[in-house]
Visitor: 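Before I ask anything, let me first share the structure, which is written out below as structure tokens.
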Protein chains: 2
Amino acid sequence: MKGFDKLNKAFDSRVRLGVMSILVVNDWVKYGDLKERLSLTDGNLASHIASLEKLSYLEVRKEFVGKRPQTSYKISKTGKRAFEQHLNGLEELLKGKQ
Amino acid sequence: MKGFDKLNKAFDSRVRLGVMSILVVNDWVKYGDLKERLSLTDGNLASHIASLEKLSYLEVRKEFVGKRPQTSYKISKTGKRAFEQHLNGLEELLKGKQ
DNA sequence: TTAAAGTACTTTGTGTTACAAAGTAAATGT
DNA sequence: ACATTTACTTTGTAACACAAAGTACTTTAA
């Protein structure tokens, strides 16, 4: 099946798809913003982010703003490449008979 | 997140995405063809198909060809609608900042 | 006539994942 | 002192993925 083997297991999940879609067009998105935009609980978002981090698909920045901790995420080069591959696969899969 | 809530849990899996992508452009595809085109084991394909059937996303036809059993699948109206919704969601998710 | 192989499953077993809820830690606001 | 905020981690449960083996029936081959 054309395109099928380009699909990346990492992007099966709606949550990780959502995270990547946000990060592919926005740099340095705050943890809290991801949580809110995707309507997720902390534990759920954190675990999905952890799995993307483990694949080096994300860059992480931890800083203090005011005196509050703030974590932000950016898609990495590897992550961007992987995501685009996946989207290519999807497109091929969908536009082609045969 | 725009589009995110249109994503259908049923299509998270690469396998079910593959099945639906094939069926959305081909009517009455044989079980064996699905298996081969997606390089799946019997058990794996059968269980994914069962879950799509349970959602009434597929129509099933069982017949004998020669004297061999042959099962074929076609996407149902519901299935088509659901799949298109999902693809819409994906598109929205990906093309839009904000 | 025993044996192998095809078709479409189901069952079994194991490991992975998803998720909510609760807990943690360090600081701030009241 | 106490609640709140931020960003997690831990815990527990349920769902899911998958390969491999088993089932049932038939056909073809030796």
Visitor: Touch check for B:Gly32, heavy atoms < 4.0 angstrom, all strands: base, sugar-phosphate only, or nothing?
Guide: sugar-phosphate
Visitor: When the nearest nucleotide of DNA chain D is assigned to A:Ala46 and to A:Pro69 on a heavy-atom basis, which residue is associated with the more 5' position?
Guide: A:Pro69
Visitor: Rounding to a whole Å, what distance do you find between B:Arg16:CZ and D:dC16:C1'?
Guide: 8 Å
Visitor: Quick one: B:Leu58 CG to C:dC9 P, roughly how many Å, whole number?
Guide: 12 Å
Visitor: Can you measure A:Ile49 atom CD1 to D:dA7 atom P for me and round it to whole angstrom units?
Guide: 10 Å
Visitor: Expressed in angstrom and rounded to an integer, what is the separation of A:Tyr73 atom OH from D:dC8 atom C1'?
Guide: 8 Å
Visitor: Looking only at side-chain N and O atoms, does B:Thr41 come under 4.0 Å of OP1 or OP2 in D:dC18?
Guide: no
Visitor: Given A:Asp12, which of B:Arg14, B:Arg16, B:Lys9 fulfils the salt bridge (charged side-chain N to carboxylate O under 4.0 Å, His left out) condition?
Guide: B:Arg14
Visitor: Would you call B:Glu63 and B:Arg61 a salt bridge, taking side-chain N to carboxylate O under 4.0 Å as the test?
Guide: yes
Visitor: Whole Å only: how far is the CG atom of A:Asp33 from the P atom of D:dA7?
Guide: 9 Å
Visitor: Within the 4.0 Å heavy-atom criterion, would you say B:Ser47 contacts the bases, only the backbone, or no part of the nucleic acid?
Guide: nothing
Visitor: Tell me: CG of A:Asp42 to P of D:dT10, nearest whole Å?
Guide: 15 Å
Visitor: Give the rounded distance in Å between these two atoms: CG of B:Leu52 and C1' of D:dC16.
Guide: 14 Å
Visitor: Within the 4.0 Å heavy-atom criterion, would you say A:Ser51 contacts the bases, only the backbone, or no part of the nucleic acid?
Guide: nothing
Visitor: Report yes if at least one side-chain N or O of A:Thr71 is closer than 4.0 Å to OP1 or OP2 of D:dT6; otherwise report no.
Guide: no
Visitor: Given side chain to side chain contact (heavy atoms under 4.5 Å, CB included), test B:Tyr57 with B:Ser51 step by step and report yes or no.
Guide: CA-CA 9 Å; B:Tyr57 288 176; B:Ser51 77; over 6 Å; no
Visitor: Determine: side-chain N/O of A:Arg14 to OP1/OP2 of C:dC19, distance under 4.0 Å, yes or no.
Guide: yes
Visitor: Just how far, in rounded Å, is C1' of C:dA25 from CZ of A:Arg68?
Guide: 14 Å
Visitor: Determine the contact category for B:Lys62: base if any of its heavy atoms lies under 4.0 Å from a base atom, sugar-phosphate if only primed atoms, P, OP1 or OP2 are that close, otherwise nothing.
Guide: sugar-phosphate
Visitor: Go through the steps to decide whether B:Asp33 and B:Tyr73 satisfy the test side-chain hydrogen bond (donor to acceptor under 3.5 Å, both in side chains), and finish with yes or no.
Guide: CA-CA 10 Å; B:Asp33 286 353; B:Tyr73 301 94; over 6 Å; no
Visitor: With a 4.0 Å cutoff (strictly under), does any side-chain N or O of B:Asn44 reach OP1 or OP2 of D:dA19?
Guide: yes
Visitor: Phosphate oxygens OP1/OP2 of C:dT17: is one of them under 4.0 Å from a side-chain N or O of A:His48?
Guide: no
Visitor: Evaluate side chain to side chain contact (heavy atoms under 4.5 Å, CB included) for B:Phe11 paired with B:Leu87, printing each intermediate quantity in order.
Guide: CA-CA 10 Å; B:Phe11 308 131; B:Leu87 297 184; over 6 Å; no
